[in-house]
Amino acid sequence: METSPLVLAAAHVLVAALPEAAALDVGDVAALIETPPNPDLGDLAFPCFRLAKVLRKSPPAIAQEIATAIPREGLVAEARPTGPYVNLRLDLQHAAPLVLAPLARGQTPAPPSRAERVAERVAERVAERVAERVMVEYSQPNTHKAFHVGHMRNLCLGDSIVRLLRADGYQVVAANYLGDVGAHIAKCLWWYLDVLDEAKRTPPDHARGEWLGELYSAASNQLTDWEEAATAGDAAAKASLDAAKARTTEILRKLEARDPELIAVWERTRQWSLEEFDEIYRWSGVSFDRVFYESEVDELGLRMVEEYLQRGVFVESEGAVGIFNEEIKHMPFFMLRKRDGTSLYATKDLALAQLKFEEHEIDRSIYVVDVRQSDHFRHVFLTLKKMGFEQAERSEHVPYEMVELPSGAMATRKGNVILFSALRERMTRHLRENYLSKYTSEWSEEEIALVAHQVALGAIRFGMLAHDVRQKIVFDMDAWLAVEGDTGPYLQYSAARMRSILRKAEEAGKGLDPTLTSNAERLSAAGAALQQPEERGLLLALAQLGPQAHRAAQELRPSVMCNYLLELAKAINRFSNSKQCHVLSAEGSVLDGRLVLVSAALAGLTWGLGLLGIEAPQRM
RNA sequence: GCGCCCAUAGCUCAGCUGGAUAGAGCGCCGGCCUUCUAAGCCGGAUGUCGGAGGUUCGAGUCCUCCUGGGCGCGCCA
């Protein structure tokens, strides 16, 4: 795992004190170093369990020996054996320049070098080759359908993964893949063209995509109703169902045949959805480098099926074409062409993969798609491999659990879908009414609007990212509106307070001297002046920033970052609530130390929030 | 039936490669705004880490089985 400069420095001290026979290098030691459960024990801890075997001594005895061998000068002020651990207390005179100075200077944690990444890969035996150019595909909404809170989880996850990977040194192509063809379009257009009368066929001025989504739901629900009634023996329903099915099939066929009249309708309605998606992405602060459309890979997919059928990679089965991936024992057949000769979702995914590999020369391909598609992607990757795409080995699915409501899974059928627009509206209004109203006389309307937007987005993004991907999110609107405790706004608030201190210091003529962070002597004195436990705690929390961001990127888990940032914010608030840590009333090196600490905390938190796509407001 | 995932405090969840008395938020009780934003801070109460075996010096974490829940399983996307 990536280690912080602080841990690395401590590892150097430890290695020098280790017995020869320990045979551990700095990297090994750094990887073993952990944080004691209780700050009273120390700042860093070195566990001696691993050494027990090679040294043929008990861990406590080893801890004892190491502790006595450590010189009490430089970074380590105190080394105390406690059972099997050597607990280190650091001298902040040396720690502050390592941890705080770069951040206060405006430097963000450096991504690992290529050599480090290779070493890490080798150590983990993941792959000998290190990917540089990565594509992350996410969002993938369907046109003609509503964009709801479930889609928001995907959007937040994908966007954060993109940001994490970029911060970790990768070149990332952020990709979207829009579902603009298929049965759902036919259902929607059937309702639009055949069921709605002329007068009702005009969409509203705003939220046209949403309006289309309603048509789709109505159509979908009607078909299900008829189907149920038909199964129960209702002849009229059966007739209606058959007629509707014939019509949707006709619509699909005409679209495939590029029927000018229907294509015109398709293009017009599709555009309504696309415009709405753009608006959502703009509000959410998400942008894509490449947008793929299902409509653009449809034909290519079918050509590939034909080609690989000829080559014998694919086979015919019951009139359909596919491949038997025996590796997936419980469902080996992967269908790629229907009996009627048309393509499937799977077909298009093969074509899309080829397009990605060729067009963008990526060497790693990430798909952020919900967990229900796990088997599908295993098939896709296995199939790509058998087709000869070496990148298949470096393709991976990031599965995440669904967003549900207290009433169960969201379903248009049940009418319990919470649209993204509703969440956005309610969150923004709630923040204005309950928190920002106190500033109406003080701040401009522009600033209030900006902060309402930033905080609403912060609450939504954090809410979507803080859960591990394997946990489903039960979306409870009231709970989401209560933006206190472990929430995005808490993090933003913490940043705003840091900023406020710096602003007031500036106003009082006690601002941070920009030359301080490059003045070794003054910096040491400033570090040495940090005597309060809250100051130490905050510094130690900041030391974790780089390593945690790296871990989150490696594991493709923004939730790692969320949890870490909560700890950082807690350390920040403990500091700013402590009477003993007052900044403005401090003088000399104590003032210097606190200003550097606050600057570093603000920079670190802001940067970390940025990896989640959350902005830190100037004030709130 | 087969496969994948989940199960930790009343609720929602953390818990990195197994390691020091299992943590946080919400809720509950009690404190803290003439010193820097109370969207905050401090203190208190609450746990058979679903169950049973096993591996290990050491298991919430690894293995096996079981129970409960969710999801997926050839012509939808």
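Within every chain, numbering begins at 1; the chains are lettered A, B, ... in the order of the sequence lines, protein sequences first and strands thereafter.
Separation of the C1' atoms belonging to B/C62 and B/U17 is 12 Å when rounded to the nearest angstrom. Look at the P atom in both B/C57 and B/G43: the space between them is 39 Å, to the nearest Å. Taking the P atoms as reference points, B/A14 lies 35 Å from B/C75, given to the whole Å. Rounded to the nearest Å, the gap between the P atom of B/C76 and that of B/G68 is 34 Å. Taking atom P on both B/U56 and B/U21, the two are 22 Å apart, rounded to the nearest angstrom. Remark: the separation of the C1' atoms in B/G70 and B/G54 is 28 Å, to the nearest Å. B/C4 sits 34 Å from B/G23 when the P atoms are compared, rounded to a whole Å.
A close approach under 4.0 Å does occur between a side-chain nitrogen or oxygen of A/K438 and OP1 or OP2 of B/A39. Look at A/S585 and you won't find any side-chain N or O under 4.0 angstrom from OP1 or OP2 of B/U35. For the pair A/R557 and B/G15, the criterion of a side-chain N or O lying under 4.0 Å from OP1 or OP2 is met. When the side-chain nitrogen and oxygen atoms of A/R378 are compared with OP1 and OP2 of B/C4, none of them lie within a distance under 4.0 Å. Listed pair A/K579 / B/C32 fails the phosphate criterion, with no side-chain N or O lying under 4.0 Å from OP1 or OP2.
What you find for A/P141 and A/N176 is that their closest heavy atoms are CD-OD1, 3.6 Å. Scanning all heavy atoms of the two residues, the minimum distance from A/A186 to A/I251 falls at O-CD1, 3.8 Å. Closest approach of A/D298 to A/K348, counting heavy atoms only: OD1-CE, 3.6 Å.
Residue A/L344 is classed as a sugar-phosphate contact, given heavy-atom separations below 4.0 Å to backbone atoms only. Looking at heavy-atom distances under 4.0 Å, A/R574 makes contact with sugar-phosphate atoms alone, never a base. A/L436 comes within 4.0 angstrom of a base, heavy atoms only. Nucleic acid contact class of A/Y564 (heavy atoms, under 4.0 Å, all strands): none. Residue-level contact check: A/R499 touches neither bases nor backbone, having no heavy atom under 4.0 Å from any strand. A/C581 comes within contact range of at least one nucleobase, with a heavy-atom separation under 4.0 Å. Within the 4.0 angstrom heavy-atom criterion, base atoms lie near A/R619. Residue contacts shown for A/A409 are absent, as no nucleic acid heavy atom lies under 4.0 Å away. Residue contacts for A/K329: at a heavy-atom cut-off of 4.0 Å it reaches no nucleic acid atom on any strand shown. Using a 4.0 Å heavy-atom cutoff across all strands shown, A/P59 reaches no nucleic acid atom at all. Here A/P47 lies out of heavy-atom contact (under 4.0 Å) with every strand. Within the nucleic acid shown, A/Y435 comes within 4.0 Å of at least one base atom, counting heavy atoms only. As judged by a 4.0 angstrom heavy-atom cut-off over every strand, A/E318 is placed among the base-contacting residues. Heavy atoms of A/M331 sit under 4.0 angstrom from primed sugar atoms or phosphate atoms, though from no base atom.
Atom-to-atom, OH of A/Y490 to C1' of B/A39 comes out at 10 Å; the value is rounded to the nearest Å. We find that CD of A/Q64 is positioned 21 Å from P of B/A20, with the value rounded to whole Å. Here B/G15 presents its P atom at 10 Å from CD of A/Q548, a figure rounded to the nearest Å. If you take CD1 of A/I572 and C1' of B/A39, they are 15 Å apart, rounded to a whole angstrom. Here B/A39 presents its P atom at 13 Å from NE2 of A/H430, a figure rounded to the nearest Å. As rounded to whole Å, 14 Å separates atom C1' of B/C36 from atom CD of A/E506. Distance, A/K504 NZ to B/C36 C1': 6 Å, rounded to whole Å. In this structure, A/L491 places its CG atom 11 Å from C1' of B/A39, rounding to the nearest Å.
Contact check on A/E587 versus A/K510 returns a salt bridge, with a Lys/Arg side-chain nitrogen under 4.0 Å from an Asp/Glu carboxylate oxygen. Salt-bridge annotation for A/E250 and A/R247: present, with a side-chain N of the basic residue lying under 4.0 Å from a carboxylate O of the acidic one.
Atom-to-atom distance recorded for A/H397:NE2 and A/F381:CZ is 7.5 Å, nearest 0.5 angstrom. In this structure, OG1 on A/T383 lies 10.5 Å from CG on A/D349, to the nearest 0.5 angstrom. To the nearest 0.5 Å, the span separating CG on A/N142 from CZ on A/F277 amounts to 7.5 Å.
Considering only side-chain atoms of A/S500, the nucleotide from B/G72, B/C16, B/C36 that sits closest is B/C36. Considering only the side chain of A/R551, B/G15 comes nearest among B/G19, B/G15, B/A24. Nearest nucleotide to the side chain of A/N142, out of B/G40, B/A77, B/A20: B/A77.
With A/R432 as reference, A/I448 is the one residue of A/V455, A/I448, A/T440, A/V451 to meet the side chain to side chain contact (heavy atoms under 4.5 Å, CB included) rule. A side chain to side chain contact (heavy atoms under 4.5 Å, CB included) with A/V583 is found for one member of A/L595, A/L597, A/L502, A/V590 and no other, namely A/L595. Partner of A/L568 under the side chain to side chain contact (heavy atoms under 4.5 Å, CB included) criterion, out of A/N573, A/N563, A/L538, A/L609: A/L538 alone.
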Where protein sits on nucleotides 54-59 of chain B, one letter per nucleotide: B base, S sugar-phosphate only, - none, heavy atoms under 4.0 Å: ------
What does nucleotides 5-13 of chain B look like as a protein-contact string, B for base, S for sugar-phosphate only, - for none, at under 4.0 angstrom between heavy atoms? SSS----SS
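Nearest-nucleotide mapping onto RNA chain B: of A/V469 and A/K338, the residue sitting toward the 5' end is A/V469. Ranked by how close their nearest RNA chain B nucleotide is to the 5' end, A/V560 and A/V181 are led by A/V560.
Figure legend: cation-pi geometry between A/R337 and A/F314 absent, as NZ or CZ is not positioned both under 6.0 Å from the six-membered ring centre and within 45° of its axis.
Ring geometry for A/Y367 against A/F377 counts as tilted: the plane angle lies between 30° and 60°, on a 0 to 90° scale.
Glycosidic conformation, B/C33: syn, with the torsion inside 90° of 0.
With hydrogens and angles left out, the side chain of A/N87 and the base of B/A20 share a donor-acceptor pair within 3.5 Å.
Looking at A/M498 and A/L605, their side chains never come closer than 4.5 Å, going by heavy atoms from C-beta outward. Looking only at side-chain heavy atoms (C-beta outward), A/K245 and A/W190 stay at 4.5 Å or farther from each other.
Counting heavy atoms of neighbouring residues, nucleotides and ligands inside a 6.0 Å radius, atom CD of A/E299 does not exceed 12 of them.
Taking a pair as Watson-Crick or G-U wobble with both distances under 3.5 Å, the runs of three or more consecutive pairs in RNA chain B are B:1-7 with B:67-73, B:10-13 with B:23-26, B:28-32 with B:40-44, B:50-54 with B:62-66.
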